J.: 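Mind having a look at this structure? Questions to follow.
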Amino acid sequence: MNSPTQITSKASSVNPIDVFRDSRGLFTMVAVDQRGSLRHMLSTGRGNAAVTDDDLTAFKAQVIDAVGDAASGVLLDSDFGLAAAQSSRCPVILAADILSSSEVGGPVDIAVLDDAVTAETVEQFRAKALKFLLPWHPARRSEAVDLAHAFMERCRELGLPGVLEGVVRPREGDTVSPQGFADALITAAADLAATQPDLYKTEVVYTGEQDRELAEATARAISEQLYCPWVVLSSGVSGENFPDAAASAVTGGASGFLAGRAVWSEATKASQPGDYLNSHAAKNLQKITDRVWATQA
């Protein structure tokens, strides 16, 4: 099972996913594979103005240019991420999912494999791994496992490691409370471990310092379920709190983070997103990285 003491041994292995580790053996990565949600964020930041496909493509390229090689890897989508991928100075993970919501404006809770992601697409993006966001719900556990198996089979066919992102969707009933959410994250990890992902990505139970003990305990329990390294995402956690959230997860056995909004979301509100990103994105990323590195001291 995964544990903090395994970081060094995993970093020295020949696992293809290790190309995404930084100089200290952690995953310190940036996600910019958002599609509909990013369009909505940019539109809101522009007073509900229309956001074109070209706007999305340009924003993603600006993020990747701004973080430079400060990230150990970047996550992009095939719809709007090609320019960013081709200019990236770090390894690329390519999203292989088509995402939607069962409610207009609601969180993503439906995912299907993107058959348009082929060997040719992988070559175009110079991708070193594929990623799939998998909505997991207590009432649909077997369906989630089946879909995860299908994704990992696709990865094997293309000869790439798979990054499986297990998220609890929708959060309702028992999963609304922090403890119920934590229990669901642990059960999801246990279910999806059977599909043998190369890297697992999931949410973190953290809204502030009051959640630190629960976040660390949850991370330890998730680590006990998995046979691969795992990272946390930043969605649902404020940019201010995410460095501590990521540190709590790493303390409990996570191997780093794959963060999006915590690095670049404020730029969607700026009149000149590129200027904001150039001034802040790399600093935001480094703040998170420094915090997780400090857990190894």
Side-chain angles (χ1 to χ4, degrees), residues 2-12 17-33 62-76 88-93 163 165 199-220 222-223 229-268 270 273 275-297:
N2 190 32
S3 72
T5 58
Q6 287 181 304
I7 290 174
T8 300
S9 61
K10 283 181 178 291
S12 62
I17 202 68
D18 289 340
V19 71
F20 294 98
R21 291 184 186 269
D22 65 19
S23 60
R24 303 199 185 185
L26 293 175
F27 298 93
T28 47
M29 304 182 290
V30 174
V32 207
D33 66 320
Q62 288 171 332
V63 172
I64 298 309
D65 182 61
V67 299
D69 56 5
S72 68
V74 294
L75 169 60
L76 293 162
S88 178
R89 284 174 271 171
C90 50
V92 172
I93 302 170
V163 180
E165 179 177 349
L199 180 67
Y200 187 68
K201 176 186 177 189
T202 193
E203 300 161 286
V204 60
V205 183
Y206 197 99
T207 58
E209 176 61 24
Q210 72 278 3
D211 296 322
R212 181 176 57 82
E213 289 187 9
L214 177 60
E216 291 181 5
T218 304
R220 285 192 291 271
I222 290 173
S223 298
W230 67 282
V231 296
V232 290
L233 57 94
S234 62
S235 180
V237 184
S238 70
E240 178 183 0
N241 284 327
F242 187 67
D244 287 336
S248 295
V250 171
T251 298
S255 294
F257 60 86
L258 179 46
R261 290 168 175 81
V263 174
W264 50 256
S265 66
E266 290 300 313
T268 65
D275 291 344
Y276 180 93
L277 290 166
N278 288 334
S279 298
H280 298 281
K283 292 178 182 177
N284 292 344
L285 173 59
Q286 194 61 51
K287 183 177 180 181
I288 306 167
T289 299
D290 288 345
R291 188 69 183 85
V292 299
W293 279 354
T295 65
Q296 295 183 299

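Just the heavy atoms: all of them, side chains too, but no hydrogens, waters or symmetry mates, feed the values below. Computed from a prediction, not measured in an experiment: that's the story for all the values here.
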J.: Could you check F27 against I17 for side chain to side chain contact (heavy atoms under 4.5 Å, CB included), going step by step and ending with a plain yes or no?
T.: CA-CA 10 Å; F27 298 93; I17 202 68; 4.3 Å; yes
J.: Would you confirm whether W264, through its side chain, and A31, through its main-chain N or O, come within 3.5 Å as a donor-acceptor pair?
T.: yes
J.: Run F257 and T289 through side chain to side chain contact (heavy atoms under 4.5 Å, CB included) and show every step you take.
T.: CA-CA 9 Å; F257 60 86; T289 299; 3.5 Å; yes
J.: Check whether more than 12 heavy atoms from other residues, nucleotides or ligands sit under 6.0 Å from atom CD of Q210, and answer yes or no.
T.: yes
J.: Just how far is it from atom CD1 of I222 to atom OH of Y200, taken to the nearest 0.5 Å?
T.: 7.0 Å
J.: Among I93, V163, V74, which residue meets the side-chain contact (heavy atoms from CB on, under 4.5 Å) test with M29?
T.: I93
J.: Check each of V63, V30, D33, I64 against L76 using the side-chain contact (heavy atoms from CB on, under 4.5 Å) test, and report the only one that passes.
T.: I64
J.: Keeping the roles fixed (side chain from N241, backbone from V237), state whether a donor-acceptor pair exists under 3.5 Å.
T.: no
J.: Quick one: do F242 and N284 satisfy side chain to side chain contact (heavy atoms under 4.5 Å, CB included)? Show the steps, please.
T.: CA-CA 10 Å; F242 187 67; N284 292 344; over 6 Å; no
J.: Quick check: does any side chain N or O of T218 sit under 3.5 Å from a backbone N or O of V204, one acting as donor and the other as acceptor?
T.: no
J.: Could you walk me through whether Q296 and L26 pass the side chain to side chain contact (heavy atoms under 4.5 Å, CB included) test, one step at a time?
T.: CA-CA 10 Å; Q296 295 183 299; L26 293 175; 3.7 Å; yes
J.: In Å, rounded to the nearest 0.5 Å, how long is the span from CH2 of W293 to CD1 of I288?
T.: 12.5 Å
J.: Looking at OG1 of T268 and CG of L277, how far apart are the two atoms once the value is rounded to the nearest 0.5 Å?
T.: 9.5 Å
J.: Once rounded to the nearest 0.5 Å, what's the spacing between atom CG of D69 and atom CG of D22?
T.: 12.0 Å
J.: Distance-only, no hydrogens or angles: does the S72 side chain make a donor-acceptor pair with backbone N or O of T28 under 3.5 Å?
T.: yes
J.: Where do G252 and S223 come nearest, in terms of heavy atoms and distance?
T.: O-OG, 3.0 Å
J.: Within this structure, what is the CG-CZ distance for the pair D244 and R212, rounded to the nearest 0.5 Å?
T.: 9.0 Å
J.: Quick check for you: to the nearest 0.5 Å, what is the distance between R261 atom CZ and S235 atom OG?
T.: 4.5 Å
